Amino acid sequence: MLLPDPLNRLARKLLARQRGHTTIGTSSDSPWLFPGAFAGQPLSSYHLGTRLKRLGIYSRPGRTSALMGLSTQLPAAVLTELLGLSPETATAWTQTGGNWARYAAELHDRPHPRIH
């Protein structure tokens, strides 16, 4: 595993004191840092997200920011293939072109559902 410090130290500590589902078998039984409930499978993104939220860590803003950054560097067809996005979504992202002022204006102009 090639991780920069201090992340490398934290990951090694985590491996050394596995708990929960990770206690099934030994750490050498699974190649995953976050093993799932089934042998040889990683923890699902849903369950990892749930655990992170309990700790007050929300991944959505960082994920969105990273994806929008990619949309300024890659054509829509590449985003579709690489990330599994629909062509419509990838095209919409690339048309925003990283112009956050225009993105904010587009969000503002979208119809919002009424909440009663």
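Note: hydrogens, waters and symmetry copies are ignored here, and every other heavy atom, side chains too, is used. Owing to the predicted nature of the structure, the values given are computational and were not obtained by experimental measurement.
Following chains of ILVMFWY side-chain contacts shorter than 4.5 Å, one can reach Leu82 starting from Trp93, so the two form part of one hydrophobic cluster. Note on Leu48 and Leu55: same hydrophobic cluster, where clusters join Ile, Leu, Val, Met, Phe, Trp and Tyr whose side-chain heavy atoms are under 4.5 Å apart, directly or indirectly. Under a hydrophobic clustering in which Ile, Leu, Val, Met, Phe, Trp and Tyr are joined whenever their side-chain heavy atoms come within less than 4.5 Å, directly or via other members, Phe34 and Ile57 fall into the same cluster.
A distance-only check finds no donor-acceptor pair linking the side chain of Thr64 to the backbone of Pro61 [under 3.5 Å]. A donor-acceptor pair under 3.5 Å is formed between the side chain of Ser71 and the backbone N or O of Met68. A distance-only check finds no donor-acceptor pair linking the side chain of Trp32 to the backbone of Leu43 [under 3.5 Å].
In terms of heavy atoms, Asn8 sits closest to Asp5 at CB-OD1, 3.4 Å. Between Ala90 and Ala76, the shortest heavy-atom contact is CB-O, 3.4 Å. Pairing each heavy atom of Thr80 with each of Pro87, the nearest pair is OG1-CA, 3.6 Å.
To the nearest 0.5 Å, atom CD of residue Glu81 and atom CG of residue Leu74 are 12.5 Å apart. Atom CD of Gln73 is separated from atom CG of Leu79 by 9.5 Å, given to the nearest 0.5 angstrom. With rounding to the nearest 0.5 Å, the separation of CG in Leu70 from CG in Leu83 is 6.0 Å.
Between the side chains of Ser44 and His47, at least one donor N or O sits under 3.5 Å from an acceptor N or O.
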